[in-house]
4 protein chains.
Amino acid sequence: MHGRPRDPALDAAIRKAALDIVTEQGYKRLTMEGVAARSRVSKQALYRRYASKGELLLAALDAFAEEVLPAPDTGSLREDLLFLVRAAFAFHRSSNSAFSQAVAAEAAQGPAFARQALEKVINPRRDIFRAVFARARERGELLCSDDDLLIDLVYGPLWYALLFNFDRLTDAYAESLTDAVLAAARQA
Amino acid sequence: MHGRPRDPALDAAIRKAALDIVTEQGYKRLTMEGVAARSRVSKQALYRRYASKGELLLAALDAFAEEVLPAPDTGSLREDLLFLVRAAFAFHRSSNSAFSQAVAAEAAQGPAFARQALEKVINPRRDIFRAVFARARERGELLCSDDDLLIDLVYGPLWYALLFNFDRLTDAYAESLTDAVLAAARQA
Amino acid sequence: MHGRPRDPALDAAIRKAALDIVTEQGYKRLTMEGVAARSRVSKQALYRRYASKGELLLAALDAFAEEVLPAPDTGSLREDLLFLVRAAFAFHRSSNSAFSQAVAAEAAQGPAFARQALEKVINPRRDIFRAVFARARERGELLCSDDDLLIDLVYGPLWYALLFNFDRLTDAYAESLTDAVLAAARQA
Amino acid sequence: MHGRPRDPALDAAIRKAALDIVTEQGYKRLTMEGVAARSRVSKQALYRRYASKGELLLAALDAFAEEVLPAPDTGSLREDLLFLVRAAFAFHRSSNSAFSQAVAAEAAQGPAFARQALEKVINPRRDIFRAVFARARERGELLCSDDDLLIDLVYGPLWYALLFNFDRLTDAYAESLTDAVLAAARQA
DNA sequence: CCTTAATCGAGACGGTACGTCCTGTCTTGTT
DNA sequence: AACAAGACAGGACGTACCGTCTCGATTAAGG
């Protein structure tokens with residue numbers, strides 16, 4: 001038998017509360033207790049859905065996951081890449097950086113979270129690069145066959161900067177990085 | 001100023017306890033309370049030395065910092081790089097990965113820690129690459145003048161994998177990555 | 001008024017579950033939640049019948065209430081009293097003591113429960129004594145006209161012992177107590 | 001070694017809070033959480049001292065335990081008894097009845113508590129009767145040698161009334177009860 | 001030699017959050 | 001209607017750490 005169904009309004013309220021707290025106070029201050037209080041939801045109802053801060057964070061991340069990700073097609077690999085890298089930098093430079101850092105912190109501490117973040121947040125963004133690379137390959141602009149490596153060359157330095165050298169995420173760096181990736185891309 | 005001097009044996013006991021707890025139970029379980037208990041040191045004495053888990057972690061990291069970092073000089077940039085990248089991968093693949101992840105988690109959550117980690121752990125390792133690049137430049141093997149960018153191309157993907165895709169840190173990947181860096185290095 | 005009639009099988013199941021839990025785990029562990037779970041009855045159906053632990057306890061007590069209460073008639077007041085006092089002691093000494101204590105605990109905390117317990121459990125037992133006293137009075141064995149006082153002299157010490165000195169409920173004590181009551185009974 | 005000693009001011013604050021809550025809101029509303037909040041004491045400090053509501057109640061009862069118990073000596077057993085019985089009734093009729101009921105409830109549910117209550121609250125009051133009986137015995141007013149039985153005849157009906165028939169605790173009843181006890185006392 | 005001051009262990013303290021349990025009410029669909 | 005199932009707000013539970021604070025007992029260096 002079925003019992004009373006879960007109230008979807010609560011899911012929304014919880015996600016919103018979590019989102020607000022992270023952006024306003026940072027991930028460190030994100031607390032099950034606090035989310036319950038802010039969303040006016042009982043702790044029980046909260047724990048029924050999310051057993052940990054990590055799961056809660058992933059749920060809150062859905063807001064970003066649903067974003068339509070832009071896939072540029074300028075006809076030039078360099079232009080496409082530059083656009084994407086700049087956009088990625090801009091995203092992490094914005095107020096969303098609290099989330100990026102939360103994701104990093106959580107991923108560092110649990111492979112379970114890492115896997116889910118990969119699937120929900122990381123891979124969709126990598127796929128856009130894949131599409132760009134596919135088109136460039138048709139045009140003959142790309143000799144390297146290892147898309148994953150090239151994408152790592154973009155996102156690696158990005159998350160690395162996010163961890164240790166936040167200020168590095170400038171537009172100038174975006175351009176240098178893009179050219180470095182291009183050098184690798186043109187090499188068989 | 002006089003009074004009883006601090007007992008250096010306590011420093012050692014504390015660092016050892018912290019180290020043991022992190023490797024045995026992971027960084028999440030590292031607790032000031034737990035370290036005090038395990039090292040048979042009073043909380044007071046502990047807090048006198050390290051005001052936070054972060055400082056404690058950095059102190060425990062000194063064990064690694066004191067390691068002699070090997071600086072290869074094979075006469076070939078590719079060989080030197082390959083050696084360093086493989087060594088770095090090996091280090092993070094080992095049981096020390098708990099520490100790498102702890103550093104990542106802590107850095108993600110506080111620029112103060114990030115800065116200290118940078119100085120104590122990250123930059124010394126970057127400097128080794130710098131030396132290698134300097135020699136290669138003299139030999140004419142290196143056109144790119146931006147050492148930091150090249151080093152980011154190495155360590156970026158490494159930490160990125162550490163966060164999201166641990167299994168990626170294979171020797172094969174080390175080689176691919178090295179060649180990508182070389183491509184960027186040879187480009188003006 | 002129509003609709004589906006209440007299932008009497010549920011009443012039985014609930015009472016049994018409550019009874020079992022009290023005897024097995026004590027009154028403290030008696031929980032509406034637990035009774036519902038054990039009796040495989042929904043909490044709704046449970047609350048429809050019994051609005052509180054007290055009501056539930058009283059319902060469970062019906063099992064005892066339906067017992068045929070023996071009314072001795074030996075021709076001697078002392079013999080009759082002794083029989084009743086011993087029987088009462090024996091009852092409370094048995095495994096039913098969990099119930100007696102539950103009744104005491106609940107009565108202590110709510111006059112509402114106390115009144116219901118009085119009516120359903122306490123008074124019926126007092127009435128047996130009344131009958132015995134009535135016969136004794138006819139035989140001229142009884143000068144005291146205050147039955148309630150005499151009965152208090154029996155049940156008072158019994159419940160008192162139940163609260164504070166359980167071990168006191170021996171047969172020897174039953175005899176002493178009976179003789180004390182007799183002394184009071186023979187006095188105008 | 002010793003560590004920081006417990007702050008005795010906290011003991012006082014806790015006892016006061018517990019006392020106030022019980023008299024103001026009844027024993028049911030007495031909550032470890034509530035006592036901690038009202039006494040501005042951390043839950044930890046509270047639990048360090050009292051592991052349960054029962055222990056807390058006993059501690060709060062110290063206020064009464066320290067009371068000087070009056071021991072009448074009128075030269076007449078009846079007068080002495082009457083005085084004591086009336087005083088006892090008056091005590092339980094007063095606002096302290098909340099405590100009496102709390103004690104009853106708690107004693108009913110745990111022999112551990114019962115034993116402690118016996119020692120701290122019950123027995124000291126019984127001892128006063130013992131003293132009165134001793135004097136009466138010297139005067140030849142007392143033939144019964146079983147003090148405990150006689151005291152049960154007093155306190156039994158009292159607690160019995162406390163549980164089931166609160167209104168019974170009148171001065172008239174005190175007199176009837178006294179006379180009944182006297183009848184038993186005069187009997188060998 | 002003997003203060004003097006910072007150290008040490010032990011552990012109490014006010015807080016905050018944890019994750020669980022129970023209460024009493026409610027909302028489903030099913031009988 | 002009553003029923004099983006189970007979600008819901010609310011409140012209390014007992015525990016774990018946090019960082020700070022007494023205690024009494026050491027331990028040197030400086031007077």
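Below, chains carry the letters A, B, ... as their sequence lines are ordered, and counting in each starts from 1. Worth knowing before you read on, the calculation uses all heavy atoms, side chains too, and leaves out hydrogens, waters and symmetry mates.
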Exercise. Mind running a 4.0 Å heavy-atom check of residues 7-19 of chain D against DNA chain F and sending the residues that fall below it, in number order?
Key: none
Pairs: protein N or O with nucleotides 28-31 of chain E N or O, under 3.5 Å:
from: E:dT31; atom 1: O2; to: C:Arg4; atom 2: NH1; distance (Å): 3.0

Practice problem: Determine which pairs satisfy salt bridge (Lys or Arg N to Asp or Glu O under 4.0 Å) with at least one residue from residues 8-22 of chain A, sequence neighbours left out, and list them in order. | Solution: A:Asp11-A:Arg49, A:Lys16-A:Asp20, A:Asp20-A:Arg38
Quiz item: Any chance CZ of C:Arg6 has more than 12 other-residue heavy atoms, nucleotides or ligands included, within less than 6.0 Å?
Solution: yes
Self-check item: Which residues share a side chain to side chain donor-acceptor pair (under 3.5 Å) with B:Lys120, sequence neighbours left out
Solution: B:Asp62
Quiz item: Side chain of A:Lys43, base of F:dG10: donor and acceptor closer than 3.5 Å?
Solution: no
Atom pairs and distances, donor-acceptor, side-chain atoms in residues 100-112 of chain C, under 3.5 Å, two or more places apart:
from: C:Ser100; atom 1: OG; to: C:His92; atom 2: ND1; distance (Å): 2.7
from: C:Ser100; atom 1: OG; to: C:Asn96; atom 2: O; distance (Å): 3.4
from: C:Glu106; atom 1: OE1; to: C:Tyr27; atom 2: OH; distance (Å): 2.3

Quiz item: For atom CD of A:Gln25, is the number of surrounding heavy atoms from other residues, nucleotides or ligands below 6.0 Å larger than 12?
Solution: yes
Exercise. Send over the distance from D:Ile21 CD1 to F:dA12 C1', rounded to a whole Å.
Key: 13 Å
Exercise. Using the test side chain to side chain contact (heavy atoms under 4.5 Å, CB included), find all partners of A:Gln44 that sit at least two apart in sequence or belong to another chain.
Key: A:Ser42, A:Arg48
Quiz item: Where along residues 44-52 of chain C does a heavy atom fall under 4.0 Å from DNA chain F?
Solution: C:Ala45, C:Arg48, C:Arg49
Practice problem: Determine which pairs satisfy salt bridge (Lys or Arg N to Asp or Glu O under 4.0 Å) with at least one residue from residues 26-36 of chain A, sequence neighbours left out, and list them in order. | Solution: A:Glu33-A:Lys43
Self-check item: Those residues that, when tested against D:Ile122, pass side chain to side chain contact (heavy atoms under 4.5 Å, CB included) (two or more places apart)
Solution: C:Tyr160, C:Phe164, D:Leu118, D:Arg126, D:Trp159
Self-check item: Nearest non-hydrogen partners of D:Val22 and D:Leu30, listed with the distance
Solution: CG2-CD2, 3.9 Å
Practice problem: For D:Val41, check side chain to side chain contact (heavy atoms under 4.5 Å, CB included) against everything at least two apart and list the hits. | Solution: D:Leu10, D:Ile14, D:Ser39, D:Ala45, D:Leu46
Self-check item: Residue pairs, two or more places apart or on separate chains, that pass ring pair (Phe, Tyr, Trp, His ring centres under 6.0 Å) and touch residues 31-64 of chain D
Solution: D:Phe64-D:Phe91, D:Phe64-D:Phe99
Quiz item: Shortest non-hydrogen contact from C:Ala117 to C:Leu58?
Solution: CA-CD2, 3.9 Å
Quiz prompt | Atom pair CZ/OG of C:Phe113 and C:Ser52 - distance to nearest 0.5 Å | solution = 8.5 Å
Quiz item: Atom CG of C:Leu56 and atom C1' of E:dT23: how far apart are they, to the nearest Å?
Solution: 14 Å
Quiz prompt | Nucleic acid contacts - residues 29-40 of chain D versus DNA chain F, non-hydrogen atoms under 4.0 Å | solution = D:Thr31, D:Met32, D:Glu33
